[in-house]
Each structure stands twice: as structure tokens, then as C-alpha cells.
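Shown next, in C-alpha cells, is the structure this report addresses.
Below, chain A is the first sequence line, B the second, and so on; all start at residue 1. Just so it is clear, the values below take in all heavy atoms, side chains as well, and ignore hydrogens, waters and symmetry mates.
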Number of protein chains: 2
Amino acid sequence: MGRPPKFSRAEIVAAAGRIVAAEGVARLTMRRLAREIGGTPMALYHHVRDKEELLLLLLDDHAERMPRPDLPDDPLDRIVTVAAAIRDGLADCPWIVEVLTADDLMSEAALWYVEHIVAAAVEAGLSPERAVHAYRAIWHYTAGDLIVRTAAARRLADDERPTRREEVFADLDAAAYPHLARVADRWEPLTGQDTYRRSLRALAAGLLAEG
Amino acid sequence: MGRPPKFSRAEIVAAAGRIVAAEGVARLTMRRLAREIGGTPMALYHHVRDKEELLLLLLDDHAERMPRPDLPDDPLDRIVTVAAAIRDGLADCPWIVEVLTADDLMSEAALWYVEHIVAAAVEAGLSPERAVHAYRAIWHYTAGDLIVRTAAARRLADDERPTRREEVFADLDAAAYPHLARVADRWEPLTGQDTYRRSLRALAAGLLAEG
DNA sequence: ACCTGAACACCGTTCAAGT
DNA sequence: ACCTGAACACCGTTCAAGT
């Protein structure tokens with residue numbers, strides 16, 4: 001009994017990362033991954049419980065490599081800096097969406113970000129409970145931004161048909177929706193602008209003002 | 001040529017809605033849906049382009065049935081009321097998540113909500129452009145809340161293994177993460193609390209305060 | 001203990017044919 | 001025009017067997 005392992009968990013996760021980076025999550029299948037490491041699909045199941053665990057490991061791996069920014073003294077600035085670091089760290093990997101809907105950004109490596117947002121909120125005067133609530137609001141806002149953003153990018157990438165947005169705005173009832181009609185022709189560029197950070201500051205300011 | 005259609009788009013969407021309500025999105029497959037209406041998978045493709053379009057139609061159908069709340073005069077109250085109506089309208093259908101990551105809540109029926117949020121923001125003094133940005137921030141926050149919330153519910157439902165959150169908090173480094181350590185044993189109930197509306201108000205207030 | 005081969009029970013979608 | 005049968009090209013995962 002006992003035979004030198006042919007594959008390690010780390011190798012498997014690294015191979016999965018290569019596939020996802022080169023071809024997208026949709027192409028990360030257990031069969032494709034097995035081919036990548038030169039084994040059979042079944043070999044993978046000796047190192048990970050199932051595909052979901054694999055994706056979670058991939059998220060952990062990514063989270064560990066994410067930059068940890070210098071922390072400003074001002075609590076509001078600090079919250080904005082840390083939350084923006086989360087977003088920037090996840091923005092370039094659209095596959096993260098799949099994992100976000102399955103997990104809670106609760107990897108070990110993510111704790112650093114959570115701690116510093118909660119700490120800044122407490123320092124600004126919130127109770128520990130309210131500080132957790134504030135963190136949650138910021139996380140929901142960030143997750144929503146990432147998901148909507150990457151979904152939009154994906155649609156643009158592999159779709160030639162007109163977007164639903166275009167169709168809907170094309171026959172917009174200007175009498176029923178006057179404010180939308182006024183910005184209808186600018187909707188695409190307006191919603192394409194990256195206003196994450198600005199609105200994040202508004203959110204954080206609003207949350208700190210509560211307490 | 002010409003034969004009386006056996007199925008209509010509306011029937012197909014209604015059948016899809018029944019499956020999703022009774023068994024969840026994961027069980028909504030083209031084959032299962034075909035069985036439900038008493039036809040073959042191929043018959044569906046004469047009425048919808050593909051599965052994604054079917055999910056979009058399902059979202060439209062749902063959006064049309066969503067309640068439209070009375071609108072308070074105060075712009076901030078109005079924004080909170082309308083956004084909360086979006087969330088409440090989508091909160092009971094976890095499948096919405098799949099569609100949200102594929103679409104942009106850009107169905108005809110959703111315009112009513114968008115219009116009134118943008119209108120309230122303009123009334124509060126924002127430029128039309130900034131009002132659109134404000135709406136987007138609110139939508140991202142709402143989408144993030146829905147996605148994280150329904151993902152958490154799903155995990156609880158079909159999982160007996162301890163959540164990652166539990167594992168991570170179990171061996172938390174209290175020296176490195178003092179603020180998290182202080183709330184660690186209350187994390188579950190704290191993050192389970194529904195603070196959507198309260199934080200939404202903070203967000204909206206922050207956005208309107210910008211000017 | 002670790003890996004393989006073959007199979008199970010599925011998917012979405014397309015093609016060619018029927019009425 | 002609308003629907004069917006059969007097939008294509010996949011999935012994740014399990015079981016039994018090999019070393």
C-alpha cells in the first residue's frame with residue numbers, strides 16, 4: 001500500500017487556474033482538467049470532494065495573491081481603500097462570479113479585508129454589531145458591481161444579437177418614463193462608466209453617519 | 001402548410017414557472033420542460049431561441065406580476081420604497097440569481113422601478129447623469145444582497161457539511177483579527193439579520209448628499 | 001493509498017424528416 | 001409552420017477493479 005502520489009492538490013488547483021485564465025470558467029470541466037494534468041477525471045476526486053470545492057480552492061488561491069493596500073488613517077478613506085482593493089482584485093477574473101454565488105468570500109485570505117473594514121467602522125464610532133452590518137452592505141454592493149459588470153462583459157463578448165437593453169430603450173414610452181427617455185441615448189456610456197469608487201464612498205459615508 | 005400550434009410561448013413560460021417554483025431552477029431543463037408540456041425538447045426551440053431566452057422570458061413574466069408600491073413624496077423615502085419593492089419582489093425566487101448574472105434587469109416591466117428611482121434622484125438635486133449612477137449603485141447593492149442571500153439559503157438547504165464560514169471562524173487568529181474575534185460567536189445571527197433596508201437608506205442618503 | 005476504465009444518468013442543441 | 005426521432009457532443013459523478 002502507498003504509492004507516490006501522481007498529483008497534488010496544489011498542482012490540480014494551479015492547472016485549474018491556467019485553464020480558467022486562458023479559456024474561461026465555462027471551459028473548466030473535470031474532464032478538461034484531467035486532460036490538463038495528464039490523468040483521468042476520477043483521479044481528481046481523490047484530491048477534491050467535488051467541483052464546487054475545486055472552485056472554492058481556486059478562489060482561496062486567488063485571494064492569497066491579492067494585494068493588500070497601505071491603510072490610510074482616516075476610517076472612511078480606509079474603508080474605501082480596502083473595499084476597492086477587493087473589487088480590483090476580483091475584477092479581472094470574471095469566473096469569480098460563479099464562485100461568489102456559491103460561497104461568501106469567506107476564505108482565510110479574505111479575513112484581512114473584512115477585519116480592516118470592520119475595524120475602521122468601529123473606529124468611526126459604530127458598535128461592533130453595526131460595523132458588521134456595514135461590512136455586509138459594502139460586500140453586497142461590491143459583489144453586485146462585480147456580477148453585473150462581468151455579466152455585461154460576457155454578453156458583449158459572445159453575443160452579436162442586440163442587447164435587451166437596446167431593444168427596450170428603442171421602443172421606450174417617453175410619456176410613461178420621461179426621465180429614462182431623457183438619458184436613453186446616453187444610457188450605454190453612462191452605465192459603462194466606472195463609478196464604483198465614488199458610490200462606494202457615498203455608501204460608506206452614509207453608513208458611518210448612522211452611528 | 002400551417003398547422004394549429006400545439007404549444008404557445010405563454011404556455012411554455014407558464015410551465016417553466018411551475019417547474020421552477022416547485023423544484024428549483026436546477027431542475028428546469030429543456031427536456032424536463034418538454035415533458036411538462038407533453039412534447040419533445042425540440043418543440044421548444046420553435047418558440048424560444050435557447051435556454052437563456054427562456055430564463056429571460058421567465059424574468060419578464062415575474063417582473064410583470066411584481067407589486068408597484070405607492071410612492072412617498074420625499075425623494076429619499078421614495079428611493080428606499082422602490083428599491084425595497086424590487087428586492088421584495090425578487091427575494092422569494094432564488095432562481096432569479098441565474099438570470100441576473102445573464103441579464104441586467106432590463107425587462108420592460110422593470111422600467112417602472114428604474115424610472116422612479118432616477119426621477120427621485122433628479123428631484124433631490126442630482127443631474128440626470130448622476131441620477132443614473134445613483135440608480136446603478138442601488139441596483140448593484142440590491143443585486144448583491146439578493147445573490148449573497150439566496151446563495152446562503154441554498155447552502156443551508158442542501159448541505160450538511162459545516163459551512164466554510166464556520167471552519168474559518170473556528171480557527172481564527174484572534175491576534176491578527178481582533179475585531180472579527182470579538183464578533184466571531186455572533187457572526188451567524190448578525191449576518192443573518194435583514195439589514196437591507198437600513199443600509200439601503202444609508203446608501204441612498206449618501207448618494208443624494210453628493211449633490 | 002492512489003489511480004484507471006467503463007459506465008450511469010444526465011445536459012443543450014442540431015439535423016433531417018414527417019404532416 | 002410546427003413538431004418528432006435520432007443523434008452529436010458534451011457534462012459531473014460513481015463503482016469496481018487494478019497496483
| task | Can you spot which of B:Leu126, B:Ile79, B:Val118, B:Leu207 makes a side-chain contact (heavy atoms from CB on, under 4.5 Å) with B:Tyr135? | result |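 Of the listed residues B:Leu126, B:Ile79, B:Val118, B:Leu207, the side-chain contact (heavy atoms from CB on, under 4.5 Å) partner of B:Tyr135 is B:Val118.
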
| message | Between D:dC10 and C:dA9, how far apart are the two P atoms, rounded to whole Å? | response |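 Those two atoms are separated by 22 Å.
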
So, do [X] and [Y] sit near enough that their side-chain heavy atoms are less than 4.5 Å apart?
X: B:Ile147; Y: A:Ile147; result: yes
X: B:Arg136; Y: A:Asp145; result: no
X: B:Leu90; Y: B:His62; result: yes

| field | Under 3.5 Å donor-acceptor pair, B:His46 side-chain atoms to D:dC3 base atoms | value |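 Present.
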
| message | Does the plane of the ring in B:Phe7 sit parallel, tilted or perpendicular to the ring in B:His47? Use 30° and 60° as the thresholds. | response |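 Aromatic pair B:Phe7/B:His47 classed perpendicular.
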
| said: Angle between ring planes, B:Tyr141 versus B:Tyr196, binned at 30° and 60°: parallel, tilted or perpendicular? | reply: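 The rings of B:Tyr141 and B:Tyr196 lie parallel, inter-plane angle below 30°.
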
Atom-pair distance ([atom1] on [X]; [atom2] on [N]), nearest Å:
X: A:Ile37; N: C:dT4; atom1: CD1; atom2: C1'; value: 13 Å
X: A:Glu11; N: C:dC3; atom1: CD; atom2: C1'; value: 14 Å
X: A:Arg9; N: C:dC2; atom1: CZ; atom2: C1'; value: 15 Å
X: A:Leu44; N: C:dC3; atom1: CG; atom2: C1'; value: 11 Å
X: B:Leu55; N: C:dG12; atom1: CG; atom2: C1'; value: 12 Å
X: A:Met30; N: C:dT4; atom1: CE; atom2: P; value: 14 Å
X: B:Arg35; N: C:dA9; atom1: CZ; atom2: P; value: 14 Å
X: A:Glu52; N: D:dC11; atom1: CD; atom2: C1'; value: 17 Å

Nearest to the side chain of [X], which nucleotide is it out of [options]?
X: B:Tyr45; options: C:dT14, D:dA7, D:dG12; value: C:dT14
X: A:Arg31; options: D:dA7, D:dC11, D:dT4; value: D:dC11
X: A:Met42; options: D:dC15, C:dA7, C:dC2; value: D:dC15
X: B:Asp50; options: D:dT13, D:dT4, C:dT13; value: C:dT13

| task | Under 4.0 Å between any heavy atoms, over every strand shown, what does A:Phe7 touch: base, sugar-phosphate, or nothing? Just pick one. | result |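 Sugar-phosphate contact only.
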
Please state whether the phosphate of [N], meaning OP1 or OP2, lies under 4.0 angstrom from any side-chain nitrogen or oxygen of [X].
X: B:Lys6; N: D:dC2; result: no
X: A:His47; N: C:dC2; result: no
X: A:Thr29; N: D:dC11; result: yes

| task | Look through every strand shown and name the nucleotide pairing with C:dG18 as Watson-Crick or G-U wobble, where both distances are under 3.5 Å. | result |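 Base-paired to D:dC2.
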
| message | Let's test this: given Watson-Crick or G-U wobble pairing with both distances under 3.5 Å, identify the partner of D:dC8. | response |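 The answer is C:dG12, by the H-bond criterion.
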
| request: By nearest nucleotide on DNA chain D, pick out whichever of B:Thr40 and A:Leu28 is the more 5' one. | output: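 That would be B:Thr40.
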
